Amino acid sequence: MNSQALQKYTAVGLAVLGLFLFRLTADFGAEEMVDVRIMPLVILSGLGLIALAQITLTQTRQPTHRTETDNGPDNSNLPGWRLTDLLWLAVPVIIGLLFAY
Amino acid sequence: MPIEDVNRSSREIWSRIGVLILLSVLVIFGLFTRIINSFAGTSPTTQDFLGTVHRFVIGFEGIFLEALPFMLVGSLAAGVVDRYYTEDEVQSFFSDNKWKTIGVGLAAGILIPLGDVGGIILGRMLLRKGASLPAAAALMISAASANLVSLGAAIGSRPILIGFGFRAAIGIIFAVMFALFLTSESRVAALVNRDSLFLPSSVKNSDIHAPKAIIPSLGISMVQNMLVFMPFIIAGALVSGIIQVIPAESWLPPFKGSIISQWTSASLWGILTSRGNVGDLLAAGSWNLTGLSSQALIFLLAGAFCDIKTIGLLLKVLKFRTVLYLTVLALGITMMSTLVFGLVRGSF
């Protein structure tokens with residue numbers, strides 16, 4: 001999978017994770033999981049993830065960052081897009097959707 | 001292709017296969033429990049099984065949800081350092097004088113609401129930009145024990161204010177001690193993982209202050225920093241979620257028995273549950289103990305310095321040997337400080 005496609009899927013993954021946080025807080029399922037006083041931080045995180053998804057998606061047409069196949073010198077300290085990281089994003093969503101009832 | 005690249009791509013393939021297996025197991029097991037839940041009767045075995053799965057979900061998602069806000073703040077801070085500060089600027093802040101560099105690290109850990117997770121993310125970026133290891137260590141330890149969000153939570157919920165004060169004081173002392181200990185070690189490469197080391201790039205940071213597309217550039221940096229640490233948070237939450245369903249009801253806080261068994265149980269509970277720095281305080285406050293007990297103090301310190309999630313994140317940045325020193329020293333200082341606090345107060 002090329003870097004642009006990975007970046008696009010990462011954006012989708014982040015958006016899904018952000019929406020999942022909203023679902024948890026809206027259904028009050030998160031009340032059991034974290035203290036109610038931490039809930040505003042969880043909602044802000046959901047918003048943050050959706051904003052990051054938007055930025056990541058709009059940047060797919062300007063691939064200025066390293067990919068897992070790049071080997072040349074780089075002036076950035078960024079790690080690059082990897083499929084494994086994207087797969088990890090699915091774990092909390094799967095557990096939250098399939099196991100919580 | 002160089003041997004290092006071959007090893008890296010082989011590791012990448014194996015980790016990809018590992019995550020795919022994990023996802024498949026989760027999906028199959030999740031669907032299976034859904035079916036059981038749909039047909040569940042009143043059989044105690046079925047109810048016990050569903051209750052165990054429910055406890056696992058609460059444990060896992062609780063740790064993940066507590067860690068996520070601090071992960072975002074840490075990624076934002078790391079993104080700012082990555083995109084807006086050159087290596088020279090970071091080095092001028094963090095590497096000329098031993099006391100100044102530790103002081104700046106300590107102040108950053110306390111003033112920026114990074115928490116345990118965010119502190120490690122920012123610490124790694126600073127190391128990669130050429131900051132000294134003692135400064136990064138001071139930042140990581142102080143962020144885990146004393147930060148503005150924890151202070152706010154403690155002020156808002158009075159019973160845990162003393163617990164916060166104790167954890168903050170010991171955390172700052174430990175951060176300075178450990179940072180000073182690291183200043184005597186000149187071989188940084190022996191203590192820090194290769195991908196967290198400062199490697200001067202052949203291309204200098206010429207475009208780092210480029211005015212164009214500032215927010216997108218910062219956003220992409222944030223996402224990539226976050227993705228590096230996300231697997232460690234999720235793996236830590238998974239392990240903690242599984243471990244939390246194992247203990248019997250009799251081994252849940254507040255702990256009973258002799259002082260030694262209370263302390264051992266409290267430190268183990270702090271290590272295994274992997275709560276965040278605010279979650280730890282709120283959990284200790286909910287134990288309904290009269291006054292602040294020694295077991296709550298032990299739980300707060302062990303949970304802040306060496307829980308499973310923190311150890312996993314630290315292993316991404318530091319070599320195993322360094323993390324082992326840090327954990328052993330943290331547990332030692334936890335026991336010593338609680339003992340001294342108990343002796344001064346005249347009770348345990």
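Model, not experiment: these values are computed from the prediction. Just so we're on the same page: letters track the sequence lines, and every chain starts at 1.
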In terms of heavy-atom proximity below 4.5 Å to chain A, should [X] be classed as side chain, backbone, both, or neither?
X        : value
B:Ile233 : neither
B:Met71  : neither
B:Phe56  : side chain
B:Ala283 : neither

- Task: Determine yes or no for a side-chain-to-main-chain donor-acceptor pair under 3.5 angstrom, with B:Glu61 supplying the side chain and A:Gly96 the backbone.
- Result: yes
- prompt: Between the main-chain N or O of A:Leu98 and the side-chain N or O of B:Arg34, is there a donor-acceptor pair closer than 3.5 Å?
  reply: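 Indeed, once roles are kept as given, a pair shorter than 3.5 Å links the two residues.
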Cut-off 4.5 Å, heavy atoms of chain B, and the answer for A:Ile38 is side chain
Under a 4.5 Å heavy-atom cut-off, does chain B meet the side chain of A:Ile94, its backbone, both or neither?
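For A:Ile94, the contact with chain B is made by the side chain alone.
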For [X] and [Y], work out which heavy atoms get closest and say how close.
X       : Y        : value
A:Asp85 : B:Pro231 : OD1-CG, 3.9 Å
B:Leu23 : A:Leu87  : CD1-O, 3.8 Å
A:Leu89 : B:Met230 : CD2-CE, 3.6 Å
A:Thr84 : B:Glu12  : OG1-OE2, 2.8 Å

What distance separates [X] [atom1] from [Y] [atom2], expressed to the nearest 0.5 Å?
X       : Y        : atom1 : atom2 : result
A:Gln59 : B:Ile215 : CD    : CD1   : 11.0 Å
A:Ile55 : B:Ser221 : CD1   : OG    : 11.0 Å
A:Arg82 : B:Leu227 : CZ    : CG    : 9.0 Å

Next item on the list: Considering only heavy atoms and a distance below 4.5 Å, find which of B:Leu72, B:Leu76, B:Leu22, B:Val223 pairs most often with chain A.
Entry: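 Option with the greatest count: B:Val223.
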Assert top hit (heavy-atom pairs under 4.5 Å, partner chain A, pool B:Val27, B:Ile17, B:Ile63) equals B:Val27
Tell me, do [X] and [Y] make a side-chain contact under 4.5 Å, heavy atoms counted?
X        : Y        : value
A:Leu49  : B:Leu68  : yes
B:Ile220 : A:Gln7   : yes
A:Leu24  : B:Leu65  : yes
A:Pro92  : B:Ile234 : yes

Tell me, with the steps shown, if A:Ile95 and B:Leu238 meet side-chain contact (heavy atoms from CB on, under 4.5 Å).
CA-CA 10 Å; A:Ile95 291 178; B:Leu238 270 174; 3.7 Å; yes
| query | Who among A:Asp35, A:Leu14, A:Leu97 has the most heavy-atom pairs with chain B under 4.5 Å? | reply |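 Most pairs with chain B among the choices: A:Asp35.
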Q: Taking the six-membered ring for Trp and the full ring for Phe, Tyr or His, determine whether the centres of A:Phe99 and B:Phe60 are under 6.0 Å apart.
A: no
